[in-house]
Amino acid sequence: MSVTRHTKVLIIGSGPAGYSAGVYAARAMLEPLLVQGIEPGGQLTTTTEVENWPGDTEVQGPDLMIRMEAHARAMGCDIVGDIITSLDLSKRPFTAQSDSGTVYKADAVIMCTGARAKWLGLPTEEKFKGFGVSACATCDGFFYRGMEIAVIGGGNTAVEEALFLTNFASKVTLIHRRDELRCEKILEHRLLKNPKIETLWFHELEEVYGTDSPLGVEGIKVKHTKTDEITDLPVKGLFIAIGHAPASELVKDQLELHSGGYVNVEAGSTRTAIPGVFAAGDLTDHIYRQAVTSAGMGCMAALDAEKFLAEQD
Ligand code: FAD
Ligand code: NAP
């Protein structure tokens with residue numbers, strides 16, 4: 001028999017936005033309930049050093065998220081290990097069905113489902129996913145000790161992953177489709193002066209190849225974007241770091257989206273077009289996408305929800 005739980009504020013997601021909303025909503029005595037989802041702690045649990053979280057010159061991403069969770073709990077936020085599978089925003093209280101079978105009813109909802117890694121969509125990338133092809137250097141870098149690795153992408157994630165992978169790999173090749181990186185300058189500087197890293201500009205992944213039994217990567221073929229010339233790289237590991245897509249599946253038919261799936265919020269607030277539904281963090285933000293901006297929006301969402309609920313009373 002399914003259990004139904006009612007809450008004033010349901011927070012969906014446990015990244016910096018979700019936990020910050022949890023802290024603020026709990027301190028507003030709203031007794032929030034936060035559902036963590038498949039990735040408790042969110043994207044920062046897939047990285048190592050975070051150097052731009054104010055107050056910490058350097059902090060490990062997973063440690064920071066454990067601290068945020070503990071903080072939200074200590075303030076009185078009820079944190080549940082569950083996944084929301086569908087959400088009905090057509091009437092209040094809003095209804096969320098979950099993987100555990102529990103039905104959550106909420107007077108206000110704060111969506112903080114963030115974003116997740118994008119893939120190139122090549123059949124051979126799919127074939128070797130988890131067997132030499134990865135989107136998380138922190139999770140899988142250790143498997144490639146003393147081996148050659150390639151990273152695809154030219155943003156902060158790709159450059160950070162390439163730098164991190166030099167801890168394990170004999171050589172890292174960063175492959176980018178242009179000759180200009182879009183990462184922070186400090187990261188670019190570190191990348192270009194790292195003797196273990198080689199850059200391959202104007203190239204795109206054409207194919208991953210390897211053995212079938214056991215399944216494993218033996219190399220990749222990359223194509224020059226201007227000349228179509230194919231280059232073969234004998235790498236054992238390939239890390240795809242080409243960005244992230246917003247996790248807006250739960251609301252894609254109910255809320256207005258922009259820029260390929262980000263939830264629209266009223267400028268300067270976290271209000272969506274549905275009164276009582278708020279959105280914060282990477283789910284709404286295709287520009288900044290930072291832990292600190294997500295946390296800031298989580299705070300705003302809790303304050304917006306508090307105001308909304310007070311007006312209902
Ligand atoms: P996320 O962190 O994406 O969390 C989303 C949450 O939603 C997850 O907990 C997930 O389980 C949950 N969720 C999703 N779907 C459901 C569902 N159906 N039901 C319930 N829950 C659900 N930013 C920095 O400021 N500094 C850095 O150094 C930095 N390094 C990074 C390194 C990497 C490798 C990556 C990928 C990102 C990095 N970022 C960094 C960006 C930063 O991680 C994000 O901006 C931030 O985590 C976004 O927070 P968020 O709360 O919006 O969402
Ligand atoms: P991103 O900034 O969107 O960069 C994606 C990179 O992948 C770009 O260089 C892009 O190339 C390339 N790319 C995209 N699609 C491709 C395709 N189909 N084929 C080949 N290359 C492709 O994504 P991100 O690096 O994951 O960063 C996401 C957000 O998290 C950013 O806001 C970033 O600042 C933040 N973040 C911050 C930190 C930090 O502060 N230290 C660390 C990690 C992430 P083009 O350049 O040609 O478009």
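Ligands are counted one by one from 1 in listed order, and the atoms in each one are counted from 1 as well. Every value quoted in this text rests on a predicted model; they were computed, and no experiment measured them.
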Nearest heavy-atom approach of H258 to T284 is NE2-O, 3.4 Å
Closest to atom 49 (O) of ligand 1 (heavy atoms only, candidates P16, G281, A117) is P16
Of Q312, K8, H6, the one forming a side chain to side chain donor-acceptor pair (under 3.5 Å) with D107 is H6
Taking only non-hydrogen atoms of E39 and a 4.0 Å limit, the atoms of ligand 1 in range are 8 (C), 9 (O), 10 (C), 11 (O)
Taken in chain and number order and not counting sequence neighbours, the residues that satisfy disulfide (SG to SG under 2.5 Å) with C136 are C139
Per side chain to side chain contact (heavy atoms under 4.5 Å, CB included), L191 is matched among V172, L174, T166, I186 by L174
**Asked** Do ligand 1 and E161 have nitrogen or oxygen atoms that lie under 3.5 Å from each other?
**Response** no
Atom 53 (O) of ligand 1: closest protein heavy atom, distance to 0.1 Å, is G114 CA, 3.4 Å
Okay, side chain of D56, backbone of E58: is any donor-acceptor separation there less than 3.5 Å?
no
protein heavy-atom neighbour closest to atom 35 (C) of ligand 1 works out as Q43 OE1, 4.0 Å
Here the pair of heavy atoms bringing A247 nearest to R116 is CB-NH2, 3.5 Å
among protein heavy atoms, the one nearest atom 51 (O) of ligand 1 is A17 N, 2.9 Å
(Q) More than 12 heavy atoms of other residues, nucleotides or ligands under 6.0 Å from NZ of K307: yes or no? (A) no
**Item:** Within-cut-off N or O pair, Q290 and ligand 1, under 3.5 Å
**Value:** yes
Backbone or side chain, does any N or O of Q36 fall under 3.5 Å from an N or O of ligand 1? yes
among protein heavy atoms, the one nearest atom 27 (C) of ligand 1 is N52 OD1, 3.7 Å
For C112, the atoms of ligand 1 under 4.0 Å from one of its heavy atoms are 5 (C), 6 (C), 7 (O)
Counting both backbone and side chain atoms, is some N or O of A291 under 3.5 Å from an N or O of ligand 1? yes
Numbered in order shown, the ligand 1 atoms found under 4.0 Å of a heavy atom of A115 are 3 (O)
S14 and P40 have their tightest heavy-atom pair at OG-CA, 3.3 Å
Please confirm whether E249 approaches ligand 1 to less than 4.0 Å, judged on its heavy atoms.
no
Quick note on ligand 1: atoms under 4.0 Å from a heavy atom of L250 include exactly 18 (N)
Sorted by chain and number, sequence neighbours left out, side chain to side chain donor-acceptor pair (under 3.5 Å) with D82 holds for S98, S100, Y104
Atoms of ligand 1 under 4.0 Å from any heavy atom of H244, numbered from 1 in the order shown, are 36 (C)
Chain-and-number sorted residues having a heavy-atom contact under 4.0 Å with ligand 2 are N52, L120, G153, G154, G155, N156, T157, E160, H176, R177, R178, R182, E184, A241, I242, G243, H244, Y288, R289, Q290
Looking only at protein heavy atoms, what sits closest to atom 4 (O) of ligand 1 is G42 CA, 3.5 Å
On a heavy-atom basis, the closest approach of G81 and Q36 is CA-OE1, 3.7 Å
May I ask you to check whether E51 has an N/O atom sitting below 3.5 Å from an N/O atom of ligand 1?
no
for atom 31 (C) of ligand 1, nearest protein heavy atom and its distance come out as L44 CD2, 4.0 Å
Say whether A247 and ligand 1 are in contact under the criterion: heavy-atom distance to a ligand atom below 4.0 Å. no
Atoms of ligand 1 under 4.0 Å from any heavy atom of T113, numbered from 1 in the order shown, are 5 (C), 7 (O), 13 (N), 14 (C), 15 (N), 16 (C), 22 (C)
| request: Take V23 and R27 through the test side chain to side chain contact (heavy atoms under 4.5 Å, CB included) and record every step on the way to the result. | output: CA-CA 6 Å; V23 167; R27 282 175 49 79; 4.1 Å; yes
Just list the side-chain donor-acceptor pairs under 3.5 Å for residues 144-156, sequence neighbours left out, or say none.
residue	atom	partner	partner atom	Å
R145	NH1	F142	O	2.7
N156	OD1	E184	N	3.0

Ligand 1 to G13, heavy atom cutoff 4.0 Å, flagged ligand atoms 6 (C), 7 (O), 12 (C), 21 (N)
When distances are taken from atom 41 (C) of ligand 1, the protein heavy atom at minimum range is R289 O, 3.6 Å
Exercise for the section: Check the surroundings of atom CD1 in I230: do more than 12 heavy atoms from other residues, nucleotides or ligands lie under 6.0 Å from it? Expected result: yes
shortest atom 21 (N) of ligand 1-to-protein heavy-atom contact is with G37 CA, 3.1 Å
Within 4.0 Å of some non-hydrogen atom of I12, the atoms of ligand 1 are 19 (N), 20 (C), 21 (N)
ask   = Cationic tip of K105 within the cone over F94's six-membered ring, i.e. under 6.0 Å and within 45° of the normal?
value = no
* **Between D99 and T85: side-chain donor-acceptor atoms closer than 3.5 Å** => no
inquiry  = Between D140 and S134, is there a side-chain donor-acceptor contact under 3.5 Å, judged purely by atom types and distance?
reply    = yes
Closest to atom 18 (N) of ligand 1 by heavy-atom distance, out of V35, I84, L10, V50, is I84
* Asked: Under 3.5 Å, is there a donor-acceptor pair between the E256 and Y262 side chains?
  -> no
(message) L200 vs L233, test: side chain to side chain contact (heavy atoms under 4.5 Å, CB included). Steps then yes/no.
(response) CA-CA 11 Å; L200 196 53; L233 295 176; 4.1 Å; yes
N or O contact, A280 vs ligand 1, cut-off under 3.5 Å | no
Is T46 in polar range of ligand 1, meaning some N or O pair under 3.5 Å apart? no
Regarding D282 and Y288, do their side chains bring together a donor and an acceptor under 3.5 Å, going by distance alone?
no
